[in-house]
Number of protein chains: 2
Amino acid sequence: MKNSELSIHCQSCSFSHLCLPVSLNSDELDSLDDIIERKRPLHKHDYLLRANTPFRSLYAVRTGSFKSYVATADGQEQIVAFHLPGDLIGFDALSSNCYTSNTVALETAMVCELPYQTLNEVAERFPKLRNQIMSHMSAEIEQNHQMMMLLNKRTAQERLLHFLTHLAKRFTERGYSSKEFNLTMTRNEIGNYLGLTVETISRLLTRFQKEQLIKVDGKLISILDFDAMVMRSQGKFEHDNPTQRMVV
Amino acid sequence: MKNSELSIHCQSCSFSHLCLPVSLNSDELDSLDDIIERKRPLHKHDYLLRANTPFRSLYAVRTGSFKSYVATADGQEQIVAFHLPGDLIGFDALSSNCYTSNTVALETAMVCELPYQTLNEVAERFPKLRNQIMSHMSAEIEQNHQMMMLLNKRTAQERLLHFLTHLAKRFTERGYSSKEFNLTMTRNEIGNYLGLTVETISRLLTRFQKEQLIKVDGKLISILDFDAMVMRSQGKFEHDNPTQRMVV
DNA sequence: CGAGAAATTGAATCAATTCAATTTCGGTGG
DNA sequence: CCACCGAAATTGAATTGATTCAATTTCTCG
């Protein structure tokens, strides 16, 4: 089955500005389009890929959302990313030629499969595509650094506020409402990602609601005071005290 | 000045098996050698690169060690990596074309500078070199995931034991003694990296010494029971109790 | 509708931090 | 070579943010 029949085209994709196509011209886009493989939709809890299986393809999220996690030595899971449309998945596999994390759909979702060998051949002809791939990997490394900072230097409430505002920003980039959105992950998964327990997440959401920062209705979150949330996620303006945290 | 005069050659470098040269043939190595630029030695506390300065080059550590850190919103530092000979530095800059972290020498050190534009041109001709670069970036992402796991799921003592055994492994790969080595970073920097305080690091080192896992003599660490350390860094065999941590 | 999963809330606990006081180390200048 | 000074490290005591344990309540969806 040809891609054209499925209308999978980078040109018409509303997330192309976040994905590999950035900065590619028409010819380059066509070549990229040609290698994208069709995948049937995934449903909630379906695995897109599993750790320790051979690396074949990168994936771009088209619709829906995913979580990626690595297994700990004692079999627990550590979520390392939540993926939204336009995100690329699989960069952790290039070194060992095996995926090192597991990726699961958090809701019904579609992806574009990019067979890596073919992608590499196309990239041979288009330096810009190559740069695009490297740029995405670099951004992922940058992101991870910010995450280490968040986990090491921030309190529970700063972490959760950062998580919520960051999510809001990502929704904005994708043309969704940044004021009101549904969480596709559970409180448990948020806690796992942020190094906190479910109970802490729950208590904080209740607290933020009382403080008029957000409105919580189950999975539906409404952002009431984005700026205050960003401020407080950086440890500023705590308890109406406008002095910055002391730095040693 | 030509590189030959300075005897900087990948072929003769004892860390080439960890660095970009992996899997390159003689021709490819020569091309790589040609683009490596000489840098005068850096001394303790010298900056190799600074965040928010334009990205020009990647760097490979030849001798000595470095720390890389990102600045927090309130001006503190969060160390994101310690670099040993053979390590590549600068992958966080490809996306924004600016370095996003600061890299400082922890002792007298030498690096090979790899001007990125030239490297890219050479990589155009040698797919293996390209793959090598991507492979290193992928490995860095993988590493970061393990770090998130460590920070979110492990206790203070597990983190420090992991840090010490991981360092020992890296020394082994580089042909150094893995049983006895000097820490080039301070207790403070170890704590910063692991999300712990200096006091905690100090107390734990004392404890590990009492438990005959290591011998501590200032910066000199002797590994006495590597296997036990690895076990305990994964939460196993605590307090002579050979049952594994319960997993929910 | 009903059962299991997810979320909430309170109380008790604890691992690591903070605060505080020395001690030791490492480098510099006389 | 030693004395000195600031930085780094150690150790103890008190404190605390987040967890753990426990008990419901509220969703979700087959």
Could you check how far [atom1] of [X] sits from [atom2] of [N], rounded to whole Å?
X	N	atom1	atom2	value
B:Met185	D:dA8	CE	C1'	15 Å
B:Glu189	D:dA7	CD	P	14 Å
A:Gln76	D:dT19	CD	C1'	14 Å
A:Leu160	D:dG17	CG	C1'	15 Å
B:Arg154	D:dA18	CZ	C1'	19 Å
B:Leu205	D:dA8	CG	P	16 Å
B:Leu204	C:dA16	CG	P	8 Å
A:Gln157	D:dT16	CD	P	16 Å

Closest non-hydrogen atom pair between B:Ile89 and B:Val61, with its separation
CD1-CG2, 3.7 Å
Can you see if the side chain of B:Thr197 gets near the phosphate of C:dA16 - specifically, an N or O under 4.0 Å from OP1 or OP2?
no
OP1 or OP2 of D:dG17 less than 4.0 angstrom from a side-chain nitrogen or oxygen of A:Thr155, does that happen here?
no
Charged N to carboxylate O under 4.0 angstrom, [X] versus [Y]?
X	Y	result
B:Glu113	B:Arg62	no
B:Glu189	B:Lys67	yes
B:Lys153	A:Asp74	no
A:Lys219	A:Glu107	no

At 4.0 Å (heavy atoms only), tell me whether [X] reaches a base, stays on the sugar-phosphate, or touches nothing.
X	value
A:Thr186	sugar-phosphate
A:Leu196	sugar-phosphate
A:Gly195	sugar-phosphate

Enumerate, atom names and distances included, each donor-acceptor pair closer than 3.5 Å involving a side-chain atom of residues 39-52 of chain A, sequence neighbours excluded.
{"unit_1": "A:Asp46", "atom_1": "OD2", "unit_2": "A:His43", "atom_2": "N", "d": "2.7"}
{"unit_1": "A:Tyr47", "atom_1": "OH", "unit_2": "A:Tyr69", "atom_2": "OH", "d": "2.5"}

Side-chain donor-acceptor pair present, B:His83, B:Ser68, cut-off under 3.5 Å
yes
Counting primed atoms, P, OP1 and OP2 as sugar-phosphate and everything else as base, the B/S/- map of nucleotides 22-30 of chain D against protein heavy atoms under 4.0 Å is -------S-
Closest-nucleotide 5' rank along DNA chain D - winner of B:Ser202 and A:Thr200
B:Ser202
Is there, by distance only and without an angle test, a donor paired with an acceptor across the side chain of B:Arg203 and the base of C:dT18 below 3.5 Å?
yes
